[in-house]
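What follows is a short report on a single structure.
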Amino acid sequence: MRLAGVVWAIGRNTLTELVRQKVFYFLLIFALLVIGNSAFIAKLSFQEQFQMLKDISLGAMSVFGALVAILATANFLPKDMEDRTIYTILAKPVPRHCYLLGKLCGILALLAVAIFLMSGVFIAVLWIRESAVLAETRVQFASAPPEELALAVKEVTASTFNANLLPGILVIFIKSALLASLTLFLSTFATSSIFTILMAVALYFIGHLQATAREYWLSGLDVEWWSRFLAALVSLLFPDLQAFNLTDDIIAGTAVPLKLFLGTAALGGIYIAVYFALSALVFSGREL
Amino acid sequence: MSWRQSAAVLLLALCGAAMLPFQGRLAREAQAAYFQKTLLDIDLRERIGQAGFLAALSGFRSPLAAILWIDAHSAWENTEWGRMAGLFDTVTTLQPRSLTYWDMAAWHMAWNASTAAMQNEKQPSEALRIKAQREYFNLGRDFLERGIKNNPDRSELYLQLAVLLRDKFEDHCAAAEAFAKAAAFSDAPPYAARFACYELAKCPGREREAYEKLRALWLQGEKQRLPSLINFLRELENRLDIPAAARIDSAPAHPQN
């Protein structure tokens, strides 16, 4: 119970610190991107408009989520050491893993708030565009029979909001949380934040190829031993980030089965737990 | 490297090995639910460049497709039909589950590009203009057929294909088949089944089948008794020499349940 209080205090403090660093200013860029995009595509058909708006907005959410996760996590250990706050904390009866867990929870809270706010901006812009298109449709169908108007309105509303957007946004959060946990693991090895950021970005790209490497390795093709060894290494050591790329197809209208969503969330949860446990293992022996 | 770091890497590999079956199962489930079907191959790499390919690999397929679509829209404004076709091909490869992209690509090719080809003043030969027009019709059809192959679980593209076959190819038998396939979906609009019958009525040798289907629709009640349906039925009754007693005009106004 006491340790939970410690984790809570460190987490809350981390979130406050990150907010004070004006991390949320990136939301302005996000809002500009979404609103600007929405104004630019106004000349397209409404199906195209909504498709573009979702493509760009969810893509930007994914980019910003990944950036915040990597940069905020890579920075905290070197910064705490430079400010010497880490020594003050660890001098008290605070286990090292609680310190790391508190920090990770603070960053996850930041990611949750950031993705929530970005979703708010995205949904607001989508709603405004939908209202404009619906108003135009009602004018165009003013003299048409009510059934035709109802069909046209249904077509517009079906192109904008659908229940699948929610799991899509949740998957973006899970992927960002996984990246935060992975970066935390890297930062326990690293001696500088630049090294951690570079490694995390490299792992981000490699992680998206993990599924390809895994298929290649397990396909049993008759290839050079070193080629299979490399594929096995990538498959075993890196996370499968491609599994979290459901948003592209969700935008296109593909429905996410609950089983697939829960499986993806479970995979994300396992990765987060594994990377955190390994971070705690390495950090427990690190000389500060 | 300390023993803790070595142990961490070893444990990571062990966890990776333990998760392999789960990852494989999840990938298969995703594929079965029509996720991650995009084929990121060398051909696509050549079309979108290295940076684009890297973006597509990193989970940014849909924003990349959106940007290329805007580019295709600019090409449309400049009536660069060839460039448009290439861009549509790339966009639909990147986002094969987006019906909007398949539908709009087919419409631009089969309706806009084909009309432009037919009205091309730089081409004096009418035969060549017609040939170019047919090529754009075929391109539109190809987009819809590939779209259906990637989205066999949705009705919309079957409907668009049916309209294309009816209006541009005047192939009523094939159009009837496509409308009927669309009508088989639970979310299909109610007109799909009627249109399938109308097209079947124009398909040589299948008039009897069309008559029976149209009559079955007519018997469903007032909602199906639209002027077009009644006209088609009357015309078929005449062509098939249906006895007066069996004709719709002699049937009771409301169906008996």
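Note on naming: letters A, B, ... go to the chains in the order of the sequence lines (proteins, then strands), and numbering restarts at 1 for each one.
Within the 4.5 angstrom heavy-atom criterion, no atom of A/Lys54 approaches chain B. Using a 4.5 Å cut-off between heavy atoms, B/Arg154 contacts chain A through its side chain alone, with no backbone atom that close. Of the two parts of A/Glu215, neither the backbone nor the side chain holds a non-hydrogen atom closer than 4.5 Å to a non-hydrogen atom of chain B. Proximity to chain B (any heavy atom under 4.5 Å) is shown, for A/Val282, by both the backbone and the side chain. Contact annotation for A/Ile251: only side-chain heavy atoms (C-beta onward) come within less than 4.5 Å of a heavy atom of chain B. Neither the backbone nor the side chain of A/Phe50 comes within contact range of chain B, judged by heavy atoms closer than 4.5 Å. For A/Ile250, the parts lying near chain B are the backbone and the side chain together; criterion is any non-hydrogen pair under 4.5 Å. Only the side chain of B/Glu77 comes within contact range of chain A, with heavy atoms under 4.5 Å apart. Residue A/Ala232: no heavy atom, backbone or side chain, is found under 4.5 Å from chain B. Heavy-atom distances place both the backbone and the side chain of A/Glu48 under 4.5 Å from chain B. Residue A/Ser45 touches chain B through its side chain alone, counting heavy-atom pairs closer than 4.5 Å. The part of A/Ile270 that comes within reach of chain B is its side chain, from C-beta onward, which places non-hydrogen atoms under 4.5 angstrom from that chain. Proximity to chain B (any heavy atom under 4.5 Å) is restricted, for A/Phe205, to the side chain, taken from C-beta onward.
Ranked by non-hydrogen atom pairs under 4.5 Å with chain B, the options A/Tyr275, A/Phe185, A/Tyr271 are led by A/Tyr271. Ranked by heavy-atom pairs shorter than 4.5 Å toward chain B, the options A/Leu281, A/Thr254, A/Leu218, A/Leu237 are led by A/Thr254. Contacts with chain A were tallied for B/Leu12, B/Leu11, B/Asn151; B/Leu12 has the most, counting heavy-atom pairs under 4.5 Å.
Minimum interatomic distance between B/Phe35 and A/Pro257 (heavy atoms only, all atoms of both residues): CE1-CD, 4.2 Å. Heavy-atom minimum distance, B/Phe22 versus A/Gly263: CZ-O, 3.5 Å. In terms of heavy-atom proximity, B/Ala27 sits nearest to A/Arg214 at CB-NH2, 3.8 Å.
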**Request:** Show the numbers, then the answer: is there a side-chain contact (heavy atoms from CB on, under 4.5 Å) between B/Leu20 and A/Leu236?
**Result:** CA-CA 8 Å; B/Leu20 279 177; A/Leu236 295 175; 4.0 Å; yes

**Message:** As a quick check of understanding, evaluate side-chain contact (heavy atoms from CB on, under 4.5 Å) for B/Arg4 and A/Arg286, giving each step before the final call.
**Reply:** CA-CA 9 Å; B/Arg4 280 173 204 274; A/Arg286 181 167 169 171; over 6 Å; no

**Request:** Applying side-chain contact (heavy atoms from CB on, under 4.5 Å), run through B/Tyr34 and A/Asp249 and close with a yes or a no.
**Result:** CA-CA 8 Å; B/Tyr34 299 104; A/Asp249 296 300; over 6 Å; no

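Note that CG of B/Leu26 is 12.0 Å distant from CD of A/Gln242, once rounded to the nearest 0.5 Å. The OG1 atom of B/Thr100 sits 9.0 Å away from atom CZ of A/Phe46, with the distance rounded to the nearest 0.5 Å. Note that the CD1 atom of A/Ile56 and the CZ atom of B/Phe60 stand 11.5 Å from one another [nearest 0.5 Å]. Between B/Leu99 atom CG and A/Gln47 atom CD the span is 10.5 Å, to the nearest 0.5 Å.
A salt bridge links A/Asp248 with B/Arg61: the closest approach of a Lys/Arg side-chain nitrogen to an acidic carboxylate oxygen falls below 4.0 angstrom.
At least one side-chain heavy atom of B/Gln95 sits under 4.5 Å from a side-chain heavy atom of A/Gln51. B/Met19 places a side-chain heavy atom less than 4.5 Å from the side chain of A/Leu267.
In B/Phe185, the CZ atom is crowded: over 12 heavy atoms of neighbouring residues, nucleotides or ligands sit closer than 6.0 Å.
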